[in-house]
Amino acid sequence: MTTTRIKGFADIFPPMSDIFTHMENVAREVFARCGFVELRTPLLEFTDLFQRSIGEETDVVQKEMYTFPDRKGRLLTLRPEATAGVMRAYIESGLANRESVSRLFTTGPMFRHERPQKGRMRQFHQINCECLGSQSPLADAELINMLLLFLDKLGINDVILHINSLGCSTCRQSYKSALQEYLRGKTADLLCEDCVRRMETNPLRVLDCKQQGCRDITAQAPKLLDYNCPECRTHFQTVLRLLRERGLNYELDHRLVRGLDYYCRTTFEVVSNSIGAQAAVAGGGRYDGLIKLLGGPDVPGVGFACGMERLALILSNVHQHQLLFYLIAMDQTSREQGWLLTQKLRDGGLTGEMNFSESGFKGLMRQAGKSGAKYCLILGPDEALQHNVVIKNLVSGKQECVPQKDALQYLLKEIHSND
RNA sequence: GCGGAAGUAGCUCAGUUGGCAGAGCACCUGGUUGUGGCCCAGGUGGCCGUGGGUUCAAGUCCCACCUUUCGCCCCA
């Protein structure tokens, strides 16, 4: 029996690994411009952290976490999302005492024990951004703007921004009661089994049920926005106005409630219609009470998470790494000379590869053509004797024999003249 | 966790009422003694997902499991 991957855990090879690297590079560039700094937090945390932040009643906590005891019997959990760990680090380091607003981003793997599916792995990767310390709607708008800018830089623009406001804890509470009252007024058999239960435990989740019967009922239900208090309403209207003035399109989505308990006020989601059922590419919102809930200062926050596997599904323009030269050699002496030459060209900043095999010349040339390199460097007994090398442009077919010591200069000049 | 579909060469897949394991692409070699891509000829490559069962005989029929996939639930 051979060893295999764990179900839902993927080996990421090129070109997929190149796409991941590219996404991270673009993210760093965009986020840095907005003043975000990178924070790397552990993959393992005490289970308690996630239970308290994500919410005991959520599906993530109840059935999707990888939880196990350490050698002293304490319960540890592989992080199912990033925000909780970032909050813990923020509190533990006392960052709030050193700066009034912290802009943090983090990337890396997350773990959820779900049934794998297209766009959903048990180990998956996220890019996360959190802005802590500002309750201003400008912060909400900045994050959404930055997220869309990031996607745009990746060449992704056929996505839709869904947005809604849950209100603060007080107006949310009054909405909850109103919704429950509305739902109880309906005959129970119109709702699906899950929603009958949710109606009591977490009525907001009835809103985003996909069953047609439930949708019909909730279409006429009271709307969250109508129950927002004046402060929440002003906050949300400002966010929307800023988005409009930036020329960013959005769709008000009264059903968007999201599954983690800590969200309040602004919530948003970016969806794509080209990657199947798991369509949410990124999601986030405001979580003003969370840091206090975890034992920290009463600092507001807003953030988002972006799913890298799902982004990668959308990315069509594959970012391939491109070789400039490909060196082939025909016997032991020229192979060793060629190996040294390859290292020197790399020292000079050029990207290239050498073929080590003892194949026939035709095979070597075929490999060179297949490599996608622009130049083929050829070394045989004749060249080795004279310390020369043949440099062939594989696009134009033009070739020239030059001293090995001049090869770097020759190639640099060639690149330059073609620009 | 629940429901549908699929698993045969590196990849995409054919394989008839159960009867010798196939094609295209890719790869390697040669046509061209040291010049790639196009063309031509040849070649390598398979525990037919795994384990049981039925049968003279199973890629094919039956059962279980594993994996993938499309949905549900939920989420990135």
Side-chain angles (χ1 to χ4, degrees), chain A residues 1-2 4-10 13 23 54 57-64 79-83 107-129 147 159 192-195 197-198 202 205 208-211 256-260 263 268-272 275-284 303-314 326 328-331 334 355 357 359-384 390-399 401:
Chain A
M1 196 57 177
T2 52
T4 60
R5 303 183 331 258
I6 301 172
K7 179 174 178 168
F9 288 63
F13 284 91
M23 284 191 287
I54 298 171
E57 296 306 313
T58 58
D59 283 354
V60 170
V61 168
Q62 289 206 337
K63 46 187 198 192
E64 296 174 1
R79 63 180 186 193
E81 56 103 48
T83 302
T107 76
M110 309 294 156
F111 305 84
R112 290 183 199 172
H113 193 107
E114 300 179 89
R115 177 90 168 245
Q117 185 177 328
K118 182 179 178 185
R120 185 169 71 193
M121 294 282 117
R122 288 183 174 178
Q123 174 175 329
F124 61 104
H125 299 78
Q126 284 189 339
I127 297 176
N128 266 262
C129 287
L147 171 59
V159 289
C192 72
E193 209 176 301
D194 287 328
C195 284
R197 178 176 45 78
R198 280 192 280 238
N202 196 349
R205 295 224 61 87
D208 66 353
C209 182
K210 289 181 188 90
Q211 302 281 330
L256 180 63
V257 297
R258 304 187 52 73
L260 310 181
Y263 286 115
F268 55 92
E269 221 170 73
V270 174
V271 301
S272 162
I275 56 173
Q278 306 307 318
V281 166
F304 67 78
C306 196
M308 295 182 73
E309 279 79 2
R310 293 183 189 177
L311 282 186
L313 285 174
I314 304 177
Y326 190 91
I328 62 178
M330 298 165 66
D331 65 339
S334 50
N355 188 305
S357 77
S359 322
F361 189 69
K362 189 188 176 91
L364 290 171
M365 278 307 294
R366 246 205 286 267
Q367 294 294 327
K370 212 181 63 174
S371 75
K374 187 161 182 198
Y375 296 94
C376 179
L377 273 56
I378 304 166
L379 271 171
D382 300 346
E383 288 81 10
V390 171
I391 299 180
K392 174 168 183 168
N393 183 322
L394 288 172
V395 182
S396 67
K398 184 186 81 173
Q399 72 178 45
C401 186

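Naming: A, B, ... by sequence-line order, numbering from 1 per chain.
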A:Val281: which of A:Val271, A:Leu313, A:Ile314 passes side-chain contact (heavy atoms from CB on, under 4.5 Å): A:Ile314
Got a donor-acceptor contact below 3.5 angstrom from the A:Gln367 side chain to the A:Asn355 backbone? no
Once rounded to the nearest 0.5 Å, what's the spacing between atom CD1 of A:Ile127 and atom CE of A:Met308? 4.5 Å
Separation of A:Asn128 CG from A:Phe304 CZ (nearest 0.5 Å): 8.0 Å
Considering every strand and a 4.0 Å limit on heavy-atom distances, what is the contact class for A:Ile378: base, sugar-phosphate, or nothing? base
The nucleotide from B:U69, B:U35, B:C73 with an atom nearest the side chain of A:Phe361 is B:U35
Looking at A:Arg122 and A:Glu114, is there a salt bridge between them, counting it only when a charged N and a carboxylate O are closer than 4.0 Å? no
In whole Å, what is the span from the CZ atom of A:Arg5 to the C1' atom of B:G49? 13 Å
With the side chain defined as heavy atoms from C-beta on, A:Gln399 is closest, among B:U35, B:G1, B:A76, to B:U35
Base, sugar-phosphate alone, or nothing: which one does A:Gln367 contact when heavy atoms must sit under 4.0 Å apart? sugar-phosphate
Can you say whether a donor on the side chain of A:Arg115 sits under 3.5 Å from an acceptor on the base of B:G3, or the other way round? yes
For RNA chain B, please output the secondary structure as dot-bracket, reading 5' to 3'. Pairs are Watson-Crick or G-U wobble, both atom distances under 3.5 Å; mark crossing pairs with [ ], other-strand partners with |, unpaired with a dot. (((((((..((((.....[..)))).(((((.......))))).....(((((..]....))))))))))))....
Given the P atoms of B:G10 and B:C27, what is the spacing between them in whole Å? 15 Å
With side-chain contact (heavy atoms from CB on, under 4.5 Å) as the test, pick out the partner of A:Tyr375 among A:Leu394, A:Asn393, A:Val395. A:Asn393
Can you work out whether A:Gly363 or A:Asp59 has the more 5'-proximal nearest nucleotide on RNA chain B? A:Gly363
Please state how far atom CG in A:Leu394 lies from atom C1' in B:G37, giving the value in whole angstrom units. 9 Å
Considering only the P atoms, how many Å lie between B:A57 and B:G52, rounded to the nearest integer? 16 Å
Categorize A:Asn128 for me: base, sugar-phosphate, or nothing, with a 4.0 angstrom heavy-atom threshold over every strand shown. nothing
So do A:Thr107 and A:His125 actually touch side chain to side chain, heavy atoms under 4.5 Å? no
C1' atom, B:G3 versus B:G59: distance in rounded Å? 27 Å
NA contact type, A:Glu269, heavy-atom cut-off 4.0 Å: base, sugar-phosphate, or nothing? nothing
Distance between the P atoms of B:G49 and B:A58, in whole angstroms? 15 Å
How close or far is atom P of B:C66 from atom CZ of A:Arg122, stated in whole angstroms? 11 Å
Would you say the side chain of A:Lys118 and the base of B:U69 hold a donor-acceptor pair, judged only by whether the two atoms sit under 3.5 Å apart? no
Rounded to whole Å, the CE-C1' distance (A:Met308 to B:C75) equals 17 Å
Touch check for A:Pro381, heavy atoms < 4.0 angstrom, all strands: base, sugar-phosphate only, or nothing? base
Does A:Arg79 reach the main-chain N or O of A:Met110 with its side chain, forming a donor-acceptor pair under 3.5 Å? no
When we call it a touch if two heavy atoms are under 4.0 Å apart, what does A:Gly8 touch: a base, just sugar-phosphate, or nothing? sugar-phosphate
Once you apply a heavy-atom cut-off of 4.0 Å, does A:Ala282 come out as touching a base, just sugar-phosphate, or nothing? sugar-phosphate
Using whole Å, report how far CG of A:Leu364 lies from P of B:G34. 11 Å
What interatomic distance, in whole Å, is found between P of B:G46 and the corresponding atom of B:G4? 36 Å
For nucleotides B:A14 and B:G24, find the distance between their P atoms and express it as a whole number of Å. 16 Å
Ignoring hydrogens and geometry, is there a side-chain-to-backbone donor-acceptor pair from A:Arg112 to A:Glu64 under 3.5 Å? no
Regarding A:Gln117, tell me which of base, sugar-phosphate or nothing describes its non-hydrogen contacts under 4.0 Å with the strands shown. base
Take the protein atom CD of A:Glu309 and the nucleotide atom P of B:U68, then report the distance between them rounded to whole Å. 14 Å
Interatomic distance, CG@A:Leu311 vs SG@A:Cys306, rounded to 0.5 Å, equals 4.0 Å
How is A:Lys362 classified with respect to the nucleic acid when contacts are heavy atoms under 4.0 Å: base, sugar-phosphate, or nothing? base
Is A:Arg366 close enough to B:U35 that one of its side-chain N or O atoms is under 4.0 Å from OP1 or OP2 there? no
Measure CD1/A:Ile314 against P/B:A76 and give the value in whole Å, please. 15 Å
Rounded to whole Å, please give me the gap between CD in A:Glu114 and C1' in B:C72. 12 Å
Of the options B:C73, B:A76, B:U67, whose atoms approach the side-chain atoms of A:Lys7 most closely? B:U67
Using the C1' atom as the point on both nucleotides, what is the distance between B:G15 and B:G7, in whole Å? 15 Å
Heavy-atom donor-acceptor pair, A:Gln62 side-chain to B:G1 base, under 3.5 Å: no
Nearest nucleotide by nearest heavy atom, which residue falls closer to the 5' end of RNA chain B, A:Lys370 or A:Val395? A:Lys370
Taking the C1' atom in each of B:G36 and B:U32, what is the distance between them to the nearest angstrom? 13 Å
Across the strands shown, which category fits A:Arg112 at heavy-atom distances under 4.0 angstrom: base, sugar-phosphate, nothing? base
